[in-house]
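In what follows, a single structure is set out as structure tokens and then discussed.
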Amino acid sequence: MENREVFVYIVISIFRSLQFLFWRFRPRYNDVTSALTRPLTSAASYDFKFMSYMVNKAKSVNKALEEAVPLREPELKIREAMRYTLLSDGKRVRPMLCLAACELVGGQESTAMSAACAIEMLHASSLILDDLPCMDNDSLRRGKPTNHIVFGESIAILASQALIALAVQKTTSSTFADVPPERILKTVQEMVKAVEGLVAGQQADLAGEGMRFDSDTGLEHLEFIHIHKTAALLEAAAVMGAIMGGGSDEEIERLRSYARCIGLMFQVVDDVLDVTKSSEELGKTAGKDLIAGKLTYPRLMGVEKSKEYAERLNIEAREHLLGFDIDKVAPLVSLADYIVNRQN
């Protein structure tokens with residue numbers, strides 16, 4: 001019996017040593033492929049400092065946003081309201097995704113910066129509308145009172161509309177970067193499609209409040225909501241960046257599929273956090289979806305199944321990135337990990 005235990009111990013030790021050597025000295029070209037076949041990993045797996053990348057991109061975006069919405073008369077109050085939400089302490093996930101997609105297909109940060117700012121303007125506009133009493137009726141966003149609480153509903157609505165108009169204007173200013181007009185037109189079309197998606201998703205979200213669904217019908221309705229409401233802007237961000245960077249049709253569609261996966265994943269994680277974290281941890285009102293009777297992933301699937309679903313979406317998102325340059329794709333692989341593991 002002792003000999004058998006010794007034999008088993010030796011075999012396990014050899015296996016672990018070989019496993020260590022494999023991961024320590026594996027060729028770089030296996031980095032992305034292996035990431036798809038093992039459990040969720042961190043950005044460190046790619047020797048890529050994702051948080052530094054994200055902070056640097058956020059600084060560039062914040063500077064551009066600050067310059068895009070100067071305070072001026074006669075619409076001073078509107079612009080104060082626009083800046084209040086637009087320049088608040090956000091993570092800038094969507095503009096970062098736009099810039100990373102542009103760089104992935106061969107473009108430069110400057111090529112897509114106007115589009116990155118535009119997508120953040122649309123995002124800020126959607127947050128203002130989501131928080132209104134006639135919508136989600138929230139009083140806290142990013143740790144601060146929501147826009148309508150500070151400026152009143154009328155000014156908040158006008159600020160939201162102004163941000164949409166400014167987003168279009170900002171995108172069309174890309175001519176200074178020598179971006180061909182046809183790319184700018186396609187980018188604006190993607191923006192319009194995203195706004196249409198937001199409207200459709202919000203309407204379906206409101207319609208689903210308090211309704212009873214079986215698991216299959218409920219999941220179908222929920223995915224319609226969030227493919228249009230949450231994933232729409234992430235999808236637009238990736239596609240707009242790829243278009244501005246001169247990506248091929250195949251590259252654009254692969255990035256669209258990737259972004260749709262992480263968009264759904266973002267919402268699944270958001271729903272889980274809503275029932276597992278406090279308002280202080282989230283920077284917004286926790287548990288409000290439950291109180292409002294909204295259809296959520298934990299309500300349909302439970303918390304643990306929702307987490308498993310998010311992990312599957314992460315793996316699927318990575319599969320759409322196979323074949324891209326290993327170094328250039330690292331920000332997008334790491335972004336998927338960041339979203340699935342985020343805590344607020």
Side-chain angles (χ1 to χ4, degrees), residues 22-61 91-116 119 174 177-180 182-184 186-187 190 231 234-263 265-266 313-341:
F22 173 75
W23 289 111
R24 176 65 180 82
F25 298 107
R26 70 192 187 282
R28 280 296 304 276
Y29 63 77
N30 282 334
D31 284 0
V32 175
T33 304
S34 61
L36 298 175
T37 58
R38 65 181 186 271
L40 300 180
T41 57
S42 68
S45 301
Y46 305 91
D47 192 26
F48 178 73
K49 295 179 175 60
F50 175 68
M51 294 311 297
S52 295
Y53 177 90
M54 193 172 186
V55 168
N56 288 333
K57 291 300 184 190
K59 286 180 180 178
S60 298
V61 170
K91 301 179 185 70
R92 310 303 184 214
V93 168
R94 291 154 192 83
M96 189 219 78
L97 173 57
C98 182
L99 297 176
C102 178
E103 292 169 339
L104 178 60
V105 300
Q108 303 296 318
E109 179 182 289
S110 59
T111 307
M113 182 56 76
S114 59
I119 204 69
S174 297
D178 295 324
V179 179
E182 58 270 20
R183 289 190 201 171
I184 297 174
K186 288 178 65 176
T187 300
E190 285 294 330
L234 286 160
E235 183 178 322
V239 171
M240 287 165 64
I243 291 172
M244 296 294 276
S248 67
D249 290 344
E250 180 188 358
E251 289 173 327
I252 290 169
E253 291 311 310
R254 287 169 62 194
L255 284 167
R256 185 190 300 280
S257 298
Y258 157 83
R260 182 167 293 191
C261 286
I262 67 167
M265 181 171 65
F266 190 100
L313 286 168
N314 190 6
I315 293 171
E316 185 180 343
R318 296 172 182 212
E319 290 174 348
H320 294 298
L321 299 177
L322 284 172
F324 282 111
D325 179 88
I326 294 170
D327 293 318
K328 289 183 178 180
V329 84
L332 299 185
V333 178
S334 300
L335 176 60
D337 279 344
Y338 172 81
I339 290 174
V340 81
N341 292 308

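Only a predicted model underlies this, so the values are computations on that prediction, with no experimental measurement involved.
In terms of the side chain to side chain donor-acceptor pair (under 3.5 Å) criterion, residue partners of Glu253 (sequence neighbours excluded) are, by chain and number, Arg256. Legend: residues meeting side chain to side chain donor-acceptor pair (under 3.5 Å) with Arg94, ordered by chain and number and at least two apart, are His123. Evaluation of the side chain to side chain contact (heavy atoms under 4.5 Å, CB included) rule for Ser248 yields Glu250, Glu251 as partners, not counting sequence neighbours. For the side chain to side chain donor-acceptor pair (under 3.5 Å) test, residues two or more places apart in sequence or in another chain that qualify with Lys91 are Asn344. Taking Glu103 as the reference, Lys57 meet the salt bridge (charged side-chain N to carboxylate O under 4.0 Å, His left out) condition, with sequence neighbours excluded.
The nearest pair of heavy atoms linking Gly247 to Ile252 is O-CD1, 3.6 Å. Across every non-hydrogen atom of Cys98 and Ala112, the tightest pair is SG-O, 4.1 Å. Taking all atoms of both residues into account, the shortest heavy-atom contact from Asp337 to Asn314 is OD1-ND2, 3.1 Å. Contact between Phe50 and Pro331 at its shortest, heavy atoms only, is CE1-O, 3.6 Å.
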Working for side-chain contact (heavy atoms from CB on, under 4.5 Å), residues Leu99 and Met113: CA-CA 7 Å; Leu99 297 176; Met113 182 56 76; 4.0 Å; yes
Could you tabulate the donor-acceptor pairs under 3.5 Å formed by side-chain atoms of residues 238-246, not counting sequence neighbours?
none

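Between the side chain of Tyr258 and the backbone N or O of Leu332, at least one donor-acceptor pair lies under 3.5 Å.
For the pair Val179 and Thr187, the minimum side-chain heavy-atom distance is 4.5 Å or more. When side chains are defined from C-beta on, Leu234 counts as touching Val93, because their heavy atoms get closer than 4.5 Å.
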